[in-house]
Amino acid sequence: MFRSLDEARAGWEAALVNGASNSFLWHGSLFRVDRARGFVFAGDPGNPSGVVPPEEDEVDIYAGEYQLEDVGQLSRAWASLLGGFQRRAVWEISLAKFFNLAVVQPRVNPAFGPLFWLFLADDSGPGPVWDWSENMFHRVSPMIFQLSEHPDLVPSPAEVRQAQIAFLESGWPGSTDATCAGLSEEDWTRRCEAMRVEHQQMVDDRFFDRILERIDAETGGAFD
């Protein structure tokens, strides 16, 4: 997964640069970058050239205040992509949203980088039956800046910090204290990353391993 994300990151960074096209290919599918705000959206494969900005509804879908997605769909999308057993349209929209959360959002909100992985594990639940939120953005949105409003920071940095503190405290009581709200962005990010490292096994068990289980179920264990 991380190798795949790195490939997409390289394409995204190249497409951000002013040039002939704001598109890049990821596993054979076309994605485009909103150069003004940085977010990624699924492109039209029939129109691969030129600089094509997002339509208004695409801004809402990929970067707006009222996005829709759930962790189960993200898991299915990754399994489809890595296992190669479903048509691309199944995963393109979901993984564009995933990319915006995992890669684009931390560009302006560094602490959300590690918090995103913790969220995926927390929202998946301990199993064996997944119990994710019907719409993950109900929980995620308070912790992130709306990319549709970039470079304006909406919600405010203070509101985002408080939501991130509340998320950690709800999942891991005692993991935060009264100093967290006043930490620098660098120190707060470092603290969140330490939490991610400490609980990486939970992330593996609840999110990554279940993707592999889904692939094995679809491919009969033929996936390597």
Side-chain angles (χ1 to χ4, degrees), residues 1-55 57-64 67-110 112-114 116-117 119-120 136-137 140 144-148 150 203-204 207-216 218-219 222-224:
M1 177 186 293
F2 289 107
R3 182 166 59 248
S4 178
L5 273 177
D6 286 342
E7 292 171 358
R9 186 196 306 270
W12 169 69
E13 290 174 344
L16 275 173
V17 179
N18 290 331
S21 176
N22 65 332
S23 68
F24 67 95
L25 291 176
W26 186 16
H27 287 268
S29 289
L30 185 77
F31 293 86
R32 290 196 178 271
V33 178
D34 182 296
R35 285 177 169 168
R37 290 165 286 196
F39 69 85
V40 166
F41 59 103
D44 178 2
N47 183 28
S49 60
V51 176
V52 179
E55 301 289 343
D57 63 331
E58 290 175 319
V59 176
D60 292 336
I61 290 170
Y62 295 98
Q67 297 185 64
L68 295 172
E69 196 62 80
D70 64 69
V71 173
Q73 177 58 26
L74 294 181
S75 170
R76 289 189 292 270
W78 271 111
S80 299
L81 171 64
L82 298 176
F85 52 78
Q86 290 187 6
R87 59 191 177 88
R88 289 171 178 163
V90 172
W91 56 259
E92 287 174 345
I93 294 176
S94 292
L95 290 192
K97 294 180 182 180
F98 187 101
F99 185 87
N100 287 331
L101 291 170
V103 177
V104 182
Q105 180 68 212
R107 182 182 64 161
V108 295
N109 183 6
F112 187 72
F116 179 51
W117 301 105
F119 169 79
L120 292 172
M136 60 181 278
F137 281 96
V140 166
I144 63 176
F145 297 118
Q146 294 173 33
L147 295 176
S148 60
H150 184 75
V203 178
D204 293 343
F207 187 69
F208 293 122
D209 287 353
R210 288 174 174 179
I211 291 174
L212 295 177
E213 290 169 3
R214 190 183 296 275
I215 294 174
D216 284 344
E218 293 286 345
T219 63
F223 178 74
D224 184 3

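Sequential numbering from 1 along the given sequence is applied to the chain's residues.
For an aromatic pair to be called close, the ring centres must be under 6.0 Å apart, and W117 with F98 satisfies this.
For residues 29-47, the salt bridge (Lys or Arg N to Asp or Glu O under 4.0 Å) pairs, not counting sequence neighbours, are D34-R37.
Using a 4.5 Å heavy-atom cutoff, the side chains of F208 and L120 are not in contact. Contact annotation: the side chain of F145 approaches that of Q105 to within less than 4.5 Å [non-hydrogen atoms, C-beta and beyond]. In this structure, S4 and W26 have side chains that are in contact, with non-hydrogen atoms separated by less than 4.5 Å. Residues V40 and F24 meet the side-chain proximity criterion, which asks for heavy atoms closer than 4.5 Å.
S75 places no side-chain N or O within donor-acceptor distance of the main-chain N or O of V71, the cut-off being under 3.5 Å. Remark: the backbone N or O of F39 is not paired with any side-chain donor or acceptor of N100 at under 3.5 angstrom. In terms of modelled atom types and a separation under 3.5 Å, the side chain of E213 and the main chain of R210 share no donor-acceptor contact.
The aromatic rings of Y62 and F41 are tilted relative to each other, their planes meeting at an angle between 30° and 60°.
Every residue was checked against the side-chain hydrogen bond (donor to acceptor under 3.5 Å, both in side chains) condition with Q67, not counting sequence neighbours, and none meets it.
L68 CG to Q73 CD: the interatomic distance, rounded to the nearest 0.5 Å, is 11.5 Å. Between the CG atom of L95 and the CZ atom of F31 there is a distance of 6.5 Å, given to the nearest 0.5 Å.
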